[in-house]
Participant: 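One structure follows; several queries about it will come next.
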Amino acid sequence: MRVASTIPEMKCLRREISGTLGFVPTMGYLHEGHLSLVRQARAENSVVVASIFVNPTQFGPKEDFKTYPRDPKHDLALLESEKTDIVFMPSDVEMYPQGYSSWVTVENITEMLEGSCRPGHFKGVTTVVAKLFNIVEPNKAYFGQKDFQQATVIRKMVIDLNMNLEIVVAPTIREKNGLAMSSRNAYLNPQERQAAAVLYQALTQAQQIRRKGQKDAEYIRREMYTLIGREPLAKIEYISIADAVTLEELATIDRPAVASLAVRFGKTRLIDNVILE
Ligand code: AMP
């Protein structure tokens, strides 16, 4: 496994590659969710590149950029054990040198859900992902359904800007109690971790209600509010039943929909979602 920490090094390694390149961008502190993406990339490509970069521009001024968990040595050992070929691990100034001033923005679908709670977040995400795509030049890039809106926004950017790669979205990997794996779960204390299982319970309840034929989105939202509201440690930011393509809130579920939520447990903000068939 080769580790590139500068853009010229990464571009140089890229030039030596023939066959398809599968790319897994991450912010590190890797868990089984990330590794499932690496395994899928490994199965589908000749070469696998992962990146580890905690992207400062996608964090708001009051968010957890400084405290975001980091463990590069452990990450590299995990990536090596999954037969990753190249890890791109740039510094902040490598990606954003002094005087940096170019941004990629996707409109509309970035305004709701995560976009309304975290202004500027998606501008940081699309900019860094566009830069990474230009540096790594992947044939396929792998993203988790865990961040459903992020994957949707990136797909839109790739289509709108005619980027020459395929976006693959892989299922959410969960703990035994249903909690979606996330680097931020490291912030949870044992009580919060146990309490956070209510999120997946609410999402699976939404799926069950929908499967029984319920089309009233507000009814399902209310049931989710009630279940999560019973958990004293949970502070709901949003609960959404939205069109799975436009991410607009639905009154009636008459097309593919996504149930998603953002809930705080103490200082930890968690997001999760499921598709409603
Ligand atoms: P992050 O390091 O949080 O930026 O995540 C890097 C990639 O891993 C993103 O595409 C995430 O959607 C994906 N990911 C994070 N958690 C999970 C999970 N539990 N299951 C599947 N993919 C995940």
Side-chain angles (χ1 to χ4, degrees), residues 22-44 48-60 63-65 67-72 74-76 78-79 82 84 87-90 92 95 113-114 118 121-133 136 138 140-158 165-188 193 196-197 199-200 203-204 247 258 260-263 268-275:
F23 178 43
V24 183
T26 83
M27 298 207 299
Y29 212 70
L30 303 181
H31 50 67
E32 276 298 309
H34 299 113
L35 299 182
S36 72
L37 301 180
V38 173
R39 282 178 206 130
Q40 189 171 347
R42 180 73 284 165
E44 296 179 1
V48 175
V49 178
S51 64
I52 300 175
F53 180 61
V54 184
N55 175 34
T57 65
Q58 70 189 68
F59 289 80
E63 291 183 1
D64 56 343
F65 173 66
T67 55
Y68 195 84
R70 292 162 169 91
D71 190 350
H74 188 235
D75 289 346
L76 290 175
L78 290 173
L79 290 172
E82 297 298 337
T84 307
V87 183
F88 180 48
M89 258 172 100
D92 293 0
M95 293 296 273
L113 305 172
E114 287 303 283
R118 304 183 68 190
H121 168 67
F122 285 116
K123 178 182 167 193
V125 170
T126 45
T127 298
V128 80
V129 171
K131 282 168 70 67
L132 290 168
F133 286 174
V136 174
K140 287 185 174 189
Y142 296 79
F143 292 86
Q145 194 202 307
K146 158 79 172 32
D147 300 279
F148 183 85
Q149 188 177 15
Q150 171 175 276
T152 307
V153 168
I154 286 165
R155 273 211 167 112
K156 185 78 176 113
M157 173 183 79
V158 165
L165 80 159
E166 183 186 332
I167 300 300
V168 181
V169 180
T172 303
I173 305 298
R174 300 177 179 283
E175 306 280 2
K176 277 208 188 75
N177 71 358
L179 175 64
M181 288 194 182
S182 164
S183 308
R184 289 192 170 97
N185 292 353
Y187 300 145
L188 298 168
R193 184 176 283 263
L199 303 185
Y200 190 53
L203 291 166
T204 46
L247 303 183
V258 56
S260 62
L261 46 76
V263 178
T268 314
R269 184 175 183 279
L270 300 177
I271 59 170
D272 199 354
N273 67 83
V274 294
I275 301 293

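Computed from heavy atoms alone, side chains included, the values below leave out hydrogens, waters and symmetry copies. Read the numbers this way: they start at 1 and go in the same order the structure lists the ligands and their atoms.
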Participant: Which bit of Leu37 gets closer than 4.0 Å to ligand 1, counting heavy atoms only: side chain, backbone, both or neither?
Facilitator: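 The answer is the side chain of Leu37.
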Participant: Of the protein's non-hydrogen atoms, which lies at the shortest distance from atom 10 (O) of ligand 1, and what is that distance?
Facilitator: Gly144 N, 3.0 Å
Participant: Mark yes or no for whether Ser183, through its side chain, and Gly28, through its backbone, hold a donor-acceptor pair below 3.5 Å.
Facilitator: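 Yes; at least one donor-acceptor contact below 3.5 Å.
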Participant: Side chain of Thr26, backbone of Ser51: donor and acceptor closer than 3.5 Å?
Facilitator: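 Yes, the answer is positive, given that a donor and an acceptor are paired below the 3.5 Å cut-off.
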Participant: Which atoms of ligand 1 sit under 4.0 Å from any heavy atom of Pro25?
Facilitator: 6 (C), 7 (C)
Participant: Looking only at protein heavy atoms, identify the closest one to atom 20 (N) of ligand 1 and say how far it is in Å.
Facilitator: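 In this structure, atom 20 (N) of ligand 1 has Ile173 N, 2.8 Å as its nearest protein heavy atom.
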Participant: Quick one: pull up OG1 in Thr127 and CE in Met157 and give me the separation to the nearest 0.5 Å.
Facilitator: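 Result: 8.5 Å between the selected atoms.
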Participant: For Lys123 and Gln58, indicate whether the former's side chain and the latter's backbone hold a donor-acceptor pair under 3.5 Å.
Facilitator: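 No; judged by distance alone, with no hydrogens or angles, the pair does not exist.
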Participant: To which protein heavy atom is atom 21 (C) of ligand 1 closest, and what is the distance rounded to 0.1 Å?
Facilitator: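 Of the protein heavy atoms, Pro171 O, 3.4 Å lies nearest.
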Participant: Between Ala180 and ligand 1, does any nitrogen or oxygen pair lie at a separation below 3.5 Å?
Facilitator: no
Participant: Using a 4.0 Å heavy-atom threshold (strictly under), name the region of Lys146 that reaches ligand 1: side chain, backbone, both or neither.
Facilitator: side chain
Participant: Counting heavy atoms only, name the option from His34, Glu175, His31 that's nearest to atom 5 (O) of ligand 1.
Facilitator: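 Comparing heavy atoms across His34, Glu175, His31, the nearest one to atom 5 (O) of ligand 1 lies in His34.
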Participant: Please report which non-hydrogen protein atom sits nearest to atom 4 (O) of ligand 1, along with the residue it belongs to and the distance in Å to one decimal place.
Facilitator: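 The closest heavy atom on the protein side is Met27 CG, 3.5 Å.
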Participant: Is there a donor-acceptor pair closer than 3.5 Å between any side-chain N or O of Asn55 and the backbone N or O of Gly124?
Facilitator: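 It does hold such a pair.
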Participant: Taking everything shown except Lys156 itself, do over 12 heavy atoms lie less than 6.0 Å from its NZ?
Facilitator: no
Participant: Is a side-chain donor or acceptor of Asp75 paired with a backbone partner of Leu30 at a separation under 3.5 angstrom?
Facilitator: yes
Participant: Show me which atoms of ligand 1 lie under 4.0 Å from any heavy atom of Met181.
Facilitator: 16 (N), 17 (C), 18 (C), 19 (N)
Participant: Between Thr172 (side chain only) and Lys146 (backbone N and O only), is there a donor and an acceptor less than 3.5 Å apart?
Facilitator: yes
Participant: Which atoms of ligand 1 are found less than 4.0 Å from any heavy atom of Thr26?
Facilitator: 2 (O), 6 (C)
Participant: Hey, which atoms in ligand 1 end up nearer than 4.0 Å to a heavy atom of Asp147?
Facilitator: 11 (C), 12 (O)
